[in-house]
Q: 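Questions regarding the structure given below will be posed in turn.
Numbers here are sequence positions counted from 1.
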Amino acid sequence: MITDINSLDLNKKYSYADYLTWQFQEKLELIKGKIYKMNPAPSTTHQRISRKLTGIMINAFKKNSCELFIAPFDVRLLDKKKSTLDKEIYNVVQPDLCMICDDSKIDERGAIGAPDLIIEILSPGNSNKEMKYKFDLYEEAGVLEYWIVNPADKTVFIYVLKENQFIGMHPLIEEDNIQSKLFPELDFKLESIFN
């Protein structure tokens, strides 16, 4: 059991089995076995947007069997080998919100396998991780739809998986209506999450 993050070699590749032995306060994610520290606490703006999106999604999915999960919630993403062994899983992320429609992907430790929809809200300090590393990871893992919410610009970018590659939709600004390609019932005025 590791109780101090400073005991870890940040250049080493770690697995989910390693992650389970860490008992320290810092929050982190594993992307391709590399440790990425998370911000200690999301900003007030981030929290407000997350809360508003949660409410919208709960209302939109009342008659749907899919389940919404909100960070902190571990999502173990499988690589091309698709191994579900803890020691062979090198991607553990905590998306701000994720929708999972396949019950077999949910267990007591979180989720294993790609959620259907992931929404990440940018914060100062995490933009590069969300825009580059997680984009590539979510695409490779088979996430069907990925939203990046940018509170600073009041914009949302939606990417839909087509033939194993994310295709970007037209960027949406505060005045626009937003509708999920995967879940048409998720349809609302974007300004409702920014005001």
Q: So, do L182 and M99 sit near enough that their side-chain heavy atoms are less than 4.5 Å apart?
A: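 No - every pair of side-chain heavy atoms lies 4.5 Å or more apart.
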Q: Once you round to the nearest 0.5 Å, how far does CG of D116 lie from OH of Y146?
A: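 Here the interatomic distance stands at 16.0 Å.
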Q: Taking only residues two or more places apart in sequence or in another chain, which ones pass side-chain contact (heavy atoms from CB on, under 4.5 Å) with K189?
A: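 Applying side-chain contact (heavy atoms from CB on, under 4.5 Å) to K189 gives N177, E191.
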Q: Per the salt bridge (charged side-chain N to carboxylate O under 4.0 Å, His left out) rule, what does the pair list look like for residues 10-22, sequence neighbours excluded?
A: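 The answer is none; no pair qualifies.
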Q: What residues, two or more places apart in sequence or in another chain, satisfy side-chain contact (heavy atoms from CB on, under 4.5 Å) together with A111?
A: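 side-chain contact (heavy atoms from CB on, under 4.5 Å) list for A111, sorted by chain: F73, V75, I100.
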Q: Looking at P72 and Q94, what are the two nearest heavy atoms and their distance?
A: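 Reported closest heavy-atom pair: CB-OE1, 3.3 Å.
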Q: With sequence neighbours excluded, what pairs up with D187 under the salt bridge (charged side-chain N to carboxylate O under 4.0 Å, His left out) test?
A: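 D187: no salt bridge (charged side-chain N to carboxylate O under 4.0 Å, His left out) contacts found.
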Q: Do I5 and W22 make a side-chain contact, defined as non-hydrogen atoms from C-beta onward lying under 4.5 Å apart?
A: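 No, too far: nothing below the 4.5 Å cut-off.
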Q: So, taking the atom named OG1 in T45 and the one named CD1 in I121, what distance separates them when rounded to the nearest 0.5 Å?
A: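 If I round to the nearest 0.5 Å, the distance is 10.5 Å.
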Q: Picking from V156, D96, V149, what satisfies side-chain contact (heavy atoms from CB on, under 4.5 Å) with I119?
A: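 One option only clears the test, and that one is V149.
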Q: Honestly curious: do I35 and Y90 fall in one hydrophobic cluster under the side-chain, below-4.5 Å linking rule?
A: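 Cluster IDs for I35 and Y90 differ.
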Q: Can you name the nearest heavy-atom pair linking A141 to A114, along with the distance?
A: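 Closest heavy-atom pair between A141 and A114: O-CB, 3.3 Å.
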Q: Got a second to check how far K132's NZ is from L137's CG, nearest 0.5 Å?
A: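 Nearest 0.5 Å value for the NZ-CG distance: 12.0 Å.
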Q: Could you tell me whether a side-chain N or O of N59 sits under 3.5 Å from a main-chain N or O of I56, the two making a donor and an acceptor?
A: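 Not confirmed, N59 side chain does not pair with I56 backbone.
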Q: For residues 158-172, please give each side-chain donor-acceptor pair under 3.5 Å, one per line with the distance, not counting sequence neighbours.
A:
none

Q: Would you compute the distance between atom CD of E120 and atom CZ of F157 and round it to the nearest 0.5 angstrom?
A: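 Reported to 0.5 Å precision, the distance equals 15.0 Å.
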Q: Give, for atom CD1 of I148 and atom CZ of F135, the distance between the pair rounded to the nearest 0.5 Å.
A: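 Here the interatomic distance stands at 7.0 Å.
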Q: side-chain contact (heavy atoms from CB on, under 4.5 Å) with N11: which residues, sequence neighbours excluded?
A: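 Listed in chain order: D9.
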Q: Locate the shortest heavy-atom distance separating P95 from A71; write the atom from each residue and the value.
A: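 Residues P95 and A71, closest heavy atoms: O-CB, 3.2 Å.
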Q: Of all the heavy-atom pairs spanning I193 and F188, show the shortest one and how long it is.
A: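 Scanning both residues, the minimum pair turns out to be CG2-CE1, 3.8 Å.
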Q: Does L77 reach the side chain of Y138, with side-chain heavy atoms less than 4.5 Å apart?
A: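 SC-SC contact between L77 and Y138 confirmed.
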Q: Should K63 and E185 count as an ion pair when the cut-off is N to O under 4.0 Å?
A: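 No, K63 and E185 are not salt-bridged.
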Q: After noting the C-alpha distance and the side-chain angles of Y14 and L8, does the key distance pass the side chain to side chain contact (heavy atoms under 4.5 Å, CB included) rule?
A: CA-CA 10 Å; Y14 291 99; L8 298 175; 3.6 Å; yes
Q: Report yes if some heavy atom in the side chain of Q179 is under 4.5 Å from a heavy atom in the side chain of L186; otherwise report no.
A: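 SC-SC contact between Q179 and L186 ruled out.
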Q: What are the two closest heavy atoms between L190 and I173, and how far apart are they?
A: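 Closest approach of L190 to I173: CD2-O, 3.2 Å.
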Q: So which pairs with a foot in residues 75-87 pass salt bridge (charged side-chain N to carboxylate O under 4.0 Å, His left out), sequence neighbours left out?
A: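 Those involving residues 75-87 are R76-D107, D86-R109.
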Q: Any pair with a residue in residues 151-161 that passes salt bridge (charged side-chain N to carboxylate O under 4.0 Å, His left out), sequence neighbours left out, goes on the list, sorted by first then second residue, please.
A: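 Only K154-E174 qualify under salt bridge (charged side-chain N to carboxylate O under 4.0 Å, His left out).
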Q: Are L30 and M1 linked, directly or through other ILVMFWY residues, by side chains that come within less than 4.5 angstrom of each other?
A: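 Unlinked, L30 and M1 end up in two clusters.
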Q: Is it true that F183 and F61 have ring centroids separated by less than 6.0 Å?
A: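 F183 vs F61: aromatic centres under 6.0 Å.
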Q: Should F24 and L10 be counted in the same cluster of Ile, Leu, Val, Met, Phe, Trp and Tyr side chains packed under 4.5 Å apart?
A: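 Yes; L10 is reachable from F24 via cluster members.
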Q: Name all residues meeting the side chain to side chain donor-acceptor pair (under 3.5 Å) criterion together with N91; count only those two or more places apart in sequence or in a different chain, and write none if there are none.
A: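 Per chain and number, N91 pairs via side chain to side chain donor-acceptor pair (under 3.5 Å) with no residue.
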Q: How far apart are the closest heavy atoms of I2 and D4, and which atoms are they?
A: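 Closest approach of I2 to D4: CG2-O, 3.4 Å.
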Q: Going by distance alone, is a donor N or O of one side chain under 3.5 Å from an acceptor N or O of the other, for E145 and S180?
A: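 Yes, because at least one side-chain N or O of E145 sits under 3.5 Å from a partner of the opposite role on S180.
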Q: Does some side-chain heavy atom of D74 sit less than 4.5 Å from a side-chain heavy atom of Y19?
A: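 Heavy-atom side-chain distance check passes, below 4.5 Å.
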Q: Quick one: does S83's side chain get under 4.5 Å of L78's, heavy atoms only?
A: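 S83 does not reach L78 side chain to side chain.
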Q: Donor-acceptor pair, distance only, cut-off 3.5 Å: does the side chain of T54 make one with the backbone of S50?
A: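 Confirmed, T54 side chain pairs with S50 backbone.
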Q: E140: which residues meet the salt bridge (charged side-chain N to carboxylate O under 4.0 Å, His left out) condition with it, sequence neighbours left out?
A: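 Residues passing salt bridge (charged side-chain N to carboxylate O under 4.0 Å, His left out) with E140: K32.
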Q: Enumerate the disulfide bond (SG atoms under 2.5 Å apart) contacts for residues 29-77, please, sequence neighbours excluded, ordered by first and then second residue.
A: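 Non-adjacent pairs meeting disulfide bond (SG atoms under 2.5 Å apart): C66-C101.
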Q: Honestly curious: do L144 and L53 fall in one hydrophobic cluster under the side-chain, below-4.5 Å linking rule?
A: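 Linked, L144 and L53 end up in one cluster.
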Q: Is it the case that atom NZ in K181 sees more than 12 heavy atoms from other parts of the structure closer than 6.0 Å?
A: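 Open: at most 12 neighbouring heavy atoms sit under 6.0 Å from NZ of K181.
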Q: Where do E29 and K37 land on the side chain to side chain contact (heavy atoms under 4.5 Å, CB included) test, with the steps shown first?
A: CA-CA 6 Å; E29 296 176 304; K37 292 181 182 176; over 6 Å; no
Q: Which residues pass the side-chain contact (heavy atoms from CB on, under 4.5 Å) test with Q47, not counting sequence neighbours?
A: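 Applying side-chain contact (heavy atoms from CB on, under 4.5 Å) to Q47 gives P42.
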Q: Is there a path of hydrophobic side-chain contacts, each under 4.5 Å between heavy atoms, that joins I49 and M38?
A: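 Different hydrophobic clusters.
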Q: Check whether any side-chain heavy atom of T84 lies under 4.5 Å from a side-chain heavy atom of I112, and answer yes or no.
A: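 Of all side-chain heavy-atom pairs linking I112 with T84, at least one is under 4.5 Å.
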Q: Compare all side-chain heavy atoms of Y133 with those of V93 and state whether any distance is below 4.5 angstrom.
A: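 No, their side chains stay 4.5 Å or more apart.
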